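First the structure, in the form of structure tokens, and then the observations on it.
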Amino acid sequence: MEEIILKIFIFVFGATIGSFLNVCIYRMPRKESIVKPPSHCPGCQHRINWYDNIPFLSFVFLRGRCRHCGQRISWRYFIVELISASIFLSLYLYFGISLRFWIFAAVSSSLIVASFIDIAIREIPDEISLWGIVIGLIVSVIFPQLHSSASRLTSLGLSFLGLLAGGGSIYITGIIGDAIFKKESMGGGDVKLMAMLGTFIGWKLVLLTFFLAPFFGAIFGIILKIKKGESFIPYGPFLSLAALISVFWGEKIIKWLFLI
Ligand SMILES: [Zn+2]
């Protein structure tokens, strides 16, 4: 019974964080502060009351419209809350309430924001990736167990190796892609995002991320190409999806691939 209550609590906690991530996704590309002013409707500027800001419920209750002016609220709000809640619950089921839970909850949150901003404006904000790199290196020194190491210096080294592997793999792909297609194929934002991921998950899992992402990207790219004739797709969401899969099943996948 207590276990179920804890799971529900983690799910709701994730949704609440998702609600804040929505604010970041909306405001960061507009260079607005993410802490103030309080949430308001982009249509009528009316302040959103707490009871209209409850994850999932408010969206359903208001039928996806602003209470005051009736403007449609984007489905993105609902989806981001649901993704965030599901990831938090999955992290709990895999790692329990542990160091890895908190660190990967924070990393996943920044991946959600980076992905949805990438979808909206085809750009990943430096505020996320560059600060993420700094925080990843610092966290690795403070908590060497993140890289399954007992020494802080070794952990920092592994984190830095992850940075090089993550950033380097995409950077080199970009250079090769540019030479073949004669146009920019990989954004600098992807390089920085992968460098950031590397500092947290290390070189093995970030390289696995690098190899997994194109599969999702290709499937989605083909669908988008057929439906809309669009050929340029944001890559951040696929890197993020691949990174999450690596966090959850990476060790198993690597063992299976190399039969060790
Ligand atoms: Zn409104």
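As the structure lists them, so they are numbered: ligands from 1, and atoms in each ligand from 1. In this text, all values refer to a predicted model and were calculated from it rather than measured experimentally. Start at 1 with the first residue, then count along the sequence.
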Determine whether a donor-acceptor pair (N or O, by modelled atom type, separation under 3.5 Å) exists between the side chain of Arg100 and the backbone of Leu146. yes
So, using side-chain contact (heavy atoms from CB on, under 4.5 Å) as the criterion, who are the partners of Ser169 when residues are at least two apart? Met194, Leu207, Phe210
Within the stated cut-off of 2.8 Å, is an N/O/S atom of His68 closer than that to the Zn ion (ligand 1)? no
Rounded to the nearest 10 degrees, what's the angle SG of Cys69 makes with SG of Cys44 at the Zn ion (ligand 1)? Could you check? 100°
Can you tell me if, anywhere in Cys66, an N/O/S atom lies at a distance from the Zn ion (ligand 1) that is smaller than 2.8 Å? yes
For Ala15, all residues meeting side-chain contact (heavy atoms from CB on, under 4.5 Å), sequence neighbours excluded: Pro55, Phe56, Ala85
Without swapping roles, check the side chain of His147 against the backbone of Thr199 for a donor-acceptor pair under 3.5 Å. yes
